[in-house]
**Student:** 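First the structure, then my questions, so here it is.
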Number of protein chains: 2
Amino acid sequence: MDGTGQNRQKAGQAAPPKRRKSPKGEERREQILQAAMRQFADDGYQNASFAAIAQEVGLSLPGLIHYFPTKVDLLLAILERRDLESVKVLGGPDLSWRALLSALVEVVQANTHIPGVVRTFAILNAESLTRDHPAAGWFGNRVRSVSLSLSQTLQRGIESGEIRPDVDARALAAELISMMDGLQMLWLRAPDAIDMVAIFRAYVDRLIADIALG
Amino acid sequence: MDGTGQNRQKAGQAAPPKRRKSPKGEERREQILQAAMRQFADDGYQNASFAAIAQEVGLSLPGLIHYFPTKVDLLLAILERRDLESVKVLGGPDLSWRALLSALVEVVQANTHIPGVVRTFAILNAESLTRDHPAAGWFGNRVRSVSLSLSQTLQRGIESGEIRPDVDARALAAELISMMDGLQMLWLRAPDAIDMVAIFRAYVDRLIADIALG
DNA sequence: AAAAATACCGATTACGCGGTAGGTTTAACA
DNA sequence: TGTTAAACCTACCGCGTAATCGGTATTTTT
């Protein structure tokens with residue numbers, strides 16, 4: 001009816017989404033999301049086949065559509081779920097800048113154990129740069145939000161006198177994001193050929209040495 | 001008949017590719033390559049329409065096929081051309097490491113003036129991470145080659161005593177490539193919001209300060 | 001001027017795609 | 001236990017796709 005698939009809810013949090021039942025259904029949803037992530041990771045969103053995702057979980061195409069009315073809805077469901085997970089990582093605005101940088105290294109470390117997920121989001125991230133891509137808004141918001149979060153923490157470090165005052169917090173935030181994303185792409189092309197964690201850790205260590213005061 | 005479109009020539013350089021004639025034809029080829037780059041930049045390779053490229057240069061689909069027998073041939077032609085251009089940038093293996101890093105900054109600087117080209121290759125680079133992508137080999141070779149070139153130059157710097165001996169040249173090469181590619185993606189998402197050149201230059205300056213001896 | 005390659009086009013084909021129409025079976029709940 | 005929604009399926013549709021067939025007109029070379 002609406003064609004946008006945005007009709008889930010708007011701001012409710014614990015509100016049970018209308019009425020929902022079957023345990024089997026929830027299990028299926030989970031399977032579908034997993035399968036879709038796999039196929040998006042392999043082929044990208046545009047090139048992946050909605051019907052092939054259905055097949056992977058043993059459904060017909062209309063069977064899949066019963067759960068996700070359009071391909072876009074399925075994509076958005078994957079992104080939405082990622083939102084919930086990633087809140088906790090950069091969560092506190094009360095984190096010290098050193099702790100934040102450590103947390104970033106840990107994120108990279110953790111990512112090496114879930115190459116599938118990393119691949120999915122790296123592919124979608126890049127693909128979302130193309131015209132009218134349905135994930136463009138999500139990735140745009142995400143980069144804005146992460147960037148803001150990083151630069152605020154760095155800025156607090158500057159104001160508290162722990163970081164050299166001539167550092168550009170916003171530029172440094174962009175630099176960190178770029179390095180992480182760039183490394184991911186290199187790593188995805190040849191996971192065994194480069195040690196993503198070691199490289200990123202070395203980079204961050206140098207960065208800390210460069211900007212720390214005292 | 002061969003279906004691969006690889007039948008142009010194999011190693012000849014000045015050898016006129018069999019026999020070629022019309023000036024009009026060469027002009028058309030040029031238009032086609034430009035149009036294709038534009039559309040690949042907008043929509044990616046997979047999602048771009050071969051026929052739409054034909055239309056943009058005022059040809060029917062069979063008319064386009066006269067010049068490039070398949071869509072893959074067109075893609076490879078674009079990549080091939082880029083090869084010729086990019087040789088000169090990192091050309092000499094007799095370049096000093098400082099000169100090389102300066103050259104990288106200049107490349108980034110120059111790239112800000114050709115966002116279309118940057119976009120094309122950034123999009124294709126990311127897209128080539130998907131399964132069976134026709135550009136995968138090209139980008140794989142490219143990253144290998146650039147990486148090797150960078151790390152060799154850095155290694156020479158180490159051996160000549162200009163760079164600290166505890167530096168990992170290969171890791172640093174990967175880091176540089178990651179930073180450039182990551183920055184490009186961030187920049188493409190919001191060209192006016194970030195100063196790619198300033199960020200990269202600041203990064204390189206810190207890097208030099210960190211690894212230089214004496 | 002003759003021969004031959006180049007530079008195209010209209011019509012068509014085979015196929016995969018996302019999505020719909022209209023149903024039947026299965027399971028939850030009162 | 002009856003009602004109702006969830007959980008699916010078969011068959012189908014319209015569309016866009018890359019690519020082919022079989023030409024004709026133009027240009028270049030001999």
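What's counted below: heavy atoms across the whole structure, side chains too, no hydrogens, waters or symmetry copies. Because the structure is a prediction, the values reported are computed rather than measured. In what follows, chains are A, B, ... by sequence order, proteins preceding strands, each numbered from 1.
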**Student:** Using a 4.0 Å cut-off on protein heavy atoms (strictly under), produce a 5'-to-3' string for nucleotides 12-18 of chain C with B for base contact, S for backbone-only sugar-phosphate contact, and - for none.
**Tutor:** -----SS

**Student:** Between atom CZ in A:Phe68 and atom P in C:dG19, what is the gap in whole Å?
**Tutor:**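 Distance, rounded to whole Å: 14 Å.
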
**Student:** Under 6.0 Å from the CD atom of A:Gln46, do we count more than 12 heavy atoms belonging to anything else shown?
**Tutor:**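 More than 12 heavy atoms, drawn from other residues, nucleotides or ligands, come within 6.0 Å of this atom.
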
**Student:** For D:dC8, does OP1 or OP2 lie under 4.0 Å from any side-chain N or O of A:Arg28?
**Tutor:**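 Answer is yes, contact under 4.0 Å.
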
**Student:** So, do A:Tyr203 and B:Leu207 sit near enough that their side-chain heavy atoms are less than 4.5 Å apart?
**Tutor:**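 No, side chains not in contact.
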
**Student:** Could you state the CD-P distance from A:Glu27 to C:dA27, rounded to the nearest angstrom?
**Tutor:**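 A:Glu27 atom CD is separated from C:dA27 atom P by 13 Å.
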
**Student:** Tell me which donor-acceptor pairs under 3.5 Å the side chains of residues 181-202 of chain A have, and how far apart each pair is, sequence neighbours excluded?
**Tutor:**
{"unit_1": "A:Trp187", "atom_1": "NE1", "unit_2": "A:Pro191", "atom_2": "O", "d": "3.4"}
{"unit_1": "A:Arg189", "atom_1": "NH1", "unit_2": "B:Asn125", "atom_2": "OD1", "d": "3.0"}
{"unit_1": "A:Arg189", "atom_1": "NH2", "unit_2": "B:Asn125", "atom_2": "O", "d": "3.3"}
{"unit_1": "A:Arg189", "atom_1": "NH2", "unit_2": "B:Ser128", "atom_2": "OG", "d": "2.3"}
{"unit_1": "A:Asp195", "atom_1": "OD1", "unit_2": "A:Val197", "atom_2": "N", "d": "3.3"}
{"unit_1": "A:Asp195", "atom_1": "OD1", "unit_2": "A:Ala198", "atom_2": "N", "d": "3.1"}

**Student:** Tell me the interatomic distance from B:His66, atom NE2, to D:dA19, atom P, rounded to whole angstroms.
**Tutor:**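 Taking atom P of D:dA19 as the reference, NE2 of B:His66 is at 17 Å.
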
**Student:** Which nucleotide wins on minimum distance to the side chain of A:Ile65, given the candidates C:dG19, C:dC8, C:dG10?
**Tutor:**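 Given the options C:dG19, C:dC8, C:dG10, the side chain of A:Ile65 is closest to C:dG19.
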
**Student:** Going from CZ on A:Arg170 to CG on A:Leu148, what distance comes out if it is rounded to the nearest 0.5 angstrom?
**Tutor:**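 The distance works out to 8.5 Å.
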
**Student:** Taking 4.0 Å as the cut-off, does a side-chain nitrogen or oxygen of B:Tyr67 come that near to OP1 or OP2 on C:dC8?
**Tutor:**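 It does, given that an N or O in the side chain of B:Tyr67 lies less than 4.0 Å from OP1 or OP2 of C:dC8.
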
**Student:** Is it the case that more than 12 heavy atoms not belonging to B:Glu56 sit under 6.0 Å from its CD atom?
**Tutor:**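 More than 12 heavy atoms, drawn from other residues, nucleotides or ligands, come within 6.0 Å of this atom.
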
**Student:** Evaluate the side-chain proximity of A:Met37 to A:Phe121: yes if any heavy-atom separation is below 4.5 Å, no if none is.
**Tutor:**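 In short, these two side chains touch, coming nearer than 4.5 Å.
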
**Student:** Tell me, which of residues 35-43 of chain B have any heavy atom that sits under 4.0 Å from an atom in DNA chain D?
**Tutor:**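 Correct list: empty, so none.
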
**Student:** Rounded to whole angstroms, how far apart are CG on B:Leu75 and C1' on D:dA18?
**Tutor:**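 To the nearest whole Å, that distance equals 15 Å.
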
**Student:** Would you say the side chain of A:Leu124 lies within less than 4.5 Å of the side chain of A:Trp138, judging by non-hydrogen atoms?
**Tutor:**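 Side chain of A:Trp138 against side chain of A:Leu124, heavy atoms only: no contact under 4.5 Å found.
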
**Student:** Could you tell me how far apart B:Leu64 (CG) and C:dG10 (C1') are, to the nearest whole angstrom?
**Tutor:**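 Between C1' of C:dG10 and CG of B:Leu64: 16 Å.
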
**Student:** Which pair of heavy atoms, one from A:Arg28 and one from A:Gly58, lies closest together, and at what distance?
**Tutor:**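 Nearest heavy atoms, A:Arg28 then A:Gly58: NH2-O, 4.2 Å.
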
**Student:** Can you tell me the distance, in whole Å, between the CD atom of B:Glu26 and the C1' atom of D:dT28?
**Tutor:**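 It works out to 14 Å between those atoms.
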
**Student:** Output the rounded distance in Å from CD1 (A:Ile53) to C1' (C:dG19).
**Tutor:**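 Distance, rounded to whole Å: 14 Å.
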
**Student:** Are A:Ile177 and A:Val146 side-chain neighbours, meaning at least one heavy-atom pair lies under 4.5 Å?
**Tutor:**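 In contact.
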
